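A, B, ... follow the sequence lines: proteins, then strands. Residue 1 opens every chain. Computed from a prediction, not measured in an experiment: that's the story for all the values here.
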Amino acid sequence: MHDPRVLLDPATDAVRKLSRRGFALDLAYLEKVLSGRNAAIRRGDEARAESKRLSTAVKGATPEERPALVQASRDLKTTVTEADEEHKRHDAELTEFLLGVPNLPADELPDGASDADAELVRTWGEPLTAEGARDHVELGESVGILDLARATKLSGPRFAVLCGRGPALERALSRYFLDVATGQHGYTEFSVPTLVNRETMTGTGQLPKFEQDLFRTGVADRDLFLIPTAEVPLTNLHARETLAAEDLPLAYTAHTPCFRSEAGSYGRDTKGLIRLHEFSKVELVRLVRPEDSRAELELLLGHAETVMQSLGLAYRVVKLAAGDIGFSAEVTYDIEVWLPGQGAYREIASASDFGSFQARRAGIRTKAKDGTRGFAATLNSSGLPIGRTLVALLEQGQQPDGSVRIPEVLVPYCGFDSLVPA
RNA sequence: GGAAGCGUGGCAGAGCGGCCGAAUGCACUCGCCUUGAAAGCGAGCGUCACGAAAGUGACCGGGGGUUCGAAUCCCCCCGCUUCCGCCA
C-alpha cells in the first residue's frame, strides 16, 4: 500500500510509473478523497476540543448556567458524530482505493508486459540438449519416481504422486535447501501455518485483488486461505510490530506446501510437475532497511543462484519487464532453468524487492536508535521450489543410457547417486 | 464443549465517572560520580492522526451504549489463564 501523499507528490511520477504496468491511477479521485477525509478529521477534532472545554466548565458551573452548558455540549455532539462518520466513510474509500493500487515498478525495468520483454542479466552453465532428450514426465515415469495417473485419481488434474526414490529425493532437496539457507546464508528457519486469515493475505498483497488465485476454506465460520507461498506467513510474522532498525536485516526461511488455483492458466503446462495446485518450496524472506533493499535483492538473488550452481543446473537470470512483475513488486528477477526436454529456459525461482509496499500493508515498522520511525522493506525469493528443481534435475541429469545422474551435493542427503529405469 | 477468572505503556503493576495518556517499580537513553564497572544522584523516555507550525484530537483487548464528561458503568465480540471433558 502506498502513502497517498507520496502518490500525489508530482516528484513521485506515480501516474507514469503505474502506466508502465497498465494501471491507470486516478489522482483526482485520490486527491478528493484524501482532502475530504482530512477536512472531516479537522472538523471532528475541533468540535471535540470545544466539547471538552464545555465539559470541564460544567463542573465549576453554577446551577443557573449549568443547563445551557449541558445543552451546548449536547448540540456539539451532533457535529462530532457527523464529522466522525464522514471521516470513517472517506477513510474506507481511501483504504479501498489504495489497496487496489499496485506497487511502482522501478525505472530500471525494461518496458513491456510479458516474459518476452524481460532483460537478460546473465547466463550460467551450458544449455545443452542431447540428441533425443526426453522431458521430465517421460523420465520420471521411466525411472519410477512419478505417478501422475494416480494423482489425477486422487485429486484431479494438476497434482502429483511421487513414488520409488522420488519421495526420498524430494526430502533430500528440501533438507539441502534449508541447510544451505540456514548454514551458509544466515537464514533462520520457521515452521509456519499454511492456512492463514484474510488480514495476513492482505498484508503481502494477495488480497483483496487476487482472491480467485487462492484456495479458500470456510469451515466452522472461519475464513481461511491456503498459502500460495511461504512468503505470506514469513513476511507477516512481524505484521503490526515495530522492529529495531539495528536488528535488520532479518532473514527467514521455511519449507511449506504451496497452493495455487492456477485460474486462468488452462491448457498451460498441463502435464508434469511444472504447474501444480499443490507443491512444496523453500522460501527465503528478508526484512531490511528501505535504503538497503536494492542491494539486498542482489544478495538474495545470489543466495538462490548459489543453490542452482551447487546443483550444477544451467540457468539464466532475467529482469522482468515493468508490466510483468507482480502486484506488490518494484523489481523482480527470475531465475530460469534450462530444460532440455522443452528446449527452453523455464522459471524456477523469482526474487523480488517489494520496497515498503508490503510493510505498509502489514504494518511492519522500524524504529532507529535516534527515534526515527519508518517502515521496513521486504524481499523474497524461492530458495528453491522442490518440484521444478526435480524437473530440472531429471532433464539436465539424463544420461544416454536412460538413467539420471544425481548432483554430488545431494548424495549425502538421499543416499544414491543416480536413478535408473525400473 | 462445560465452569471460573483475567485483559492498562517494553515488562511488572496502581488507577473515587471529571484533577488520568494514565501513579510507582524495572528496563532503556543522556549526564554527574568512579581508574573501570556496579551502586547512587539528576534529567528524559508510548503510538497514531490532522496541521507549515503553534497546537489539536484519538488510543487503557475490539466494537457498540449510558453520560455534559468513561480506563473506570452497561451490552456484544475476541484473546488469554486455570479446572473438567475430548483429542494428535
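Under the Watson-Crick or G-U wobble criterion, with both distances below 3.5 Å, B:G44 is paired with B:C28. Using Watson-Crick or G-U wobble geometry with both donor-acceptor distances under 3.5 Å, B:A14 finds no partner in any strand shown. For B:A3, the paired base is B:U82 (Watson-Crick or G-U wobble, both distances below 3.5 Å). Of all nucleotides present, none satisfies the Watson-Crick or G-U wobble test against B:C19 with each distance under 3.5 Å.
Atom pair A:R53:CZ and B:U56:P shows a separation of 9 Å (rounding to whole Å applied).
A salt bridge links A:D13 with A:R16: the distance from a Lys NZ or Arg NE/NH1/NH2 to an Asp or Glu carboxylate oxygen falls below 4.0 Å.
The aromatic rings of A:Y29 and A:F97 sit tilted relative to each other, their planes meeting at an angle between 30° and 60°.
Phosphate contact (OP1/OP2 of B:A49, side-chain N/O of A:N38, threshold under 4.0 Å): absent. Within the structure, every side-chain polar atom (N or O) of A:R48 is placed at least 4.0 Å from both OP1 and OP2 of B:G57. Residue A:R37 places at least one side-chain N or O under 4.0 Å from the OP1 or OP2 atom of B:C50.
For A:S55, counting side-chain heavy atoms from C-beta on, the closest listed nucleotide (B:C48, B:A58, B:G18) is B:G18.
Take A:D292 and apply the salt bridge (Lys or Arg N to Asp or Glu O under 4.0 Å) test, not counting sequence neighbours, and it matches A:R289.
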Could you list, one pair per line, each protein nitrogen or oxygen that sits under 3.5 Å from a nitrogen or oxygen of nucleotides 78-80 of chain B, together with the distance?
none

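Residues A:Y252 and A:R286 have side chains that never bring a donor and an acceptor to within less than 3.5 angstrom of each other.
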